[in-house]
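A short write-up of the structure that comes next.
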Amino acid sequence: MAEPEHGTFDLAEFSDELNGAPSYTIGTKMLLENDWVRIWEIRLGPGERAPFHHHAHTYLFVCVDPGRARSRFVNGTYIDLDYEEGTVWFSDYTEQQPEIHDLENVGSTTIRFTTVELL
């Protein structure tokens, strides 16, 4: 696995997204929603990007189809990571400490994740 790459970007490039109401659309397709969970699919082809969105619930994701992705954060930093099939990530966020980021496929293959928000 390649080492993560870190950098900075110009927040002004994304000002329309960041100045609007935060999006709670976590994925590209909602698979299930009930009183306890929301389950999303995130599928991005090479060069595709999911806009900035807001995580206000504890969540986890599993990488289904591997690839390289960039996440940008509202502090002007980004990280590029290689996700292997089966990679699992867990984040504990609340309304008081939400996470806001985007996700861009910066690799050469379609990447796919299943994300589960715990409501």
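Just so you know, residue 1 is the first one in the sequence shown, and it goes up from there.
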CD/Glu48: more than 12 non-hydrogen atoms of other groups inside 6.0 Å: yes
Reported CG-to-CD1 distance for the pair Leu103 and Ile111, which is rounded to 0.5 angstrom: 5.0 Å
message: Under the salt bridge (Lys or Arg N to Asp or Glu O under 4.0 Å) definition, can you give me all pairs with a residue in residues 49-58, not counting sequence neighbours?
response: Glu17-Arg49, Arg49-Asp102
message: Please tell me whether Glu99 and Tyr59 have a donor and an acceptor in their side chains that are separated by less than 3.5 angstrom.
response: yes
- line: All heavy atoms of Asn105 vs all of Thr110, minimum pair found to be ND2-CA, 4.0 Å
message: Regarding Arg68 and Glu5, does a basic nitrogen lie under 4.0 Å from an acidic carboxylate oxygen?
response: yes
- request: Mind checking side chain to side chain contact (heavy atoms under 4.5 Å, CB included) for Thr25 and listing every partner two or more places apart, or none if nothing turns up?
  value: Ser23, Trp40
- prompt: Among side-chain atoms of Thr58 and Asp92, is any donor-acceptor pair under 3.5 angstrom?
  reply: yes
statement: residues 23-36 vs salt bridge (Lys or Arg N to Asp or Glu O under 4.0 Å), sequence neighbours excluded, gives Glu33-Arg38
- request: Would you please name every residue forming a salt bridge (charged side-chain N to carboxylate O under 4.0 Å, His left out) with Arg70, sequence neighbours left out?
  value: Asp80
field: Ile26 to Ile42 - nearest heavy-atom pair and separation
entry: O-CD1, 3.6 Å
statement: Sorted by chain and residue number, the side chain to side chain contact (heavy atoms under 4.5 Å, CB included) partners of Asp16 (sequence neighbours excluded) come out as none
field: Phe52-Phe14 aromatic ring centre distance below 6.0 Å
entry: yes
- request: Heavy atoms only: give me the nearest Gly107-Pro46 pair and the separation to one decimal.
  value: O-CB, 3.5 Å
- prompt: How are the rings of Phe61 and Trp89 set relative to one another: parallel (under 30°), tilted (30 to 60°) or perpendicular (over 60°)?
  reply: parallel
message: Less than 4.5 Å apart, side chain to side chain, heavy atoms only: is that true for Arg72 and Glu104?
response: yes
field: Flag side-chain contact, heavy atom, 4.5 Å: Pro66 against Tyr83
entry: no
query: Quick one: are Thr77 and Ile79 in side-chain contact, heavy atoms under 4.5 Å?
result: no
message: Assess, by modelled atom type and distance only, whether the side chains of His55 and His101 contain a donor and an acceptor separated by less than 3.5 Å.
response: yes
query: Are any non-hydrogen side-chain atoms of Leu18 and Leu11 less than 4.5 angstrom apart?
result: yes
message: Using a 4.5 Å cut-off between side-chain heavy atoms of Ile, Leu, Val, Met, Phe, Trp and Tyr, which other residues end up in the same hydrophobic cluster as Phe90?
response: Leu31, Leu32, Trp36, Val37, Ile39, Leu60, Val62, Val88, Val116, Leu118
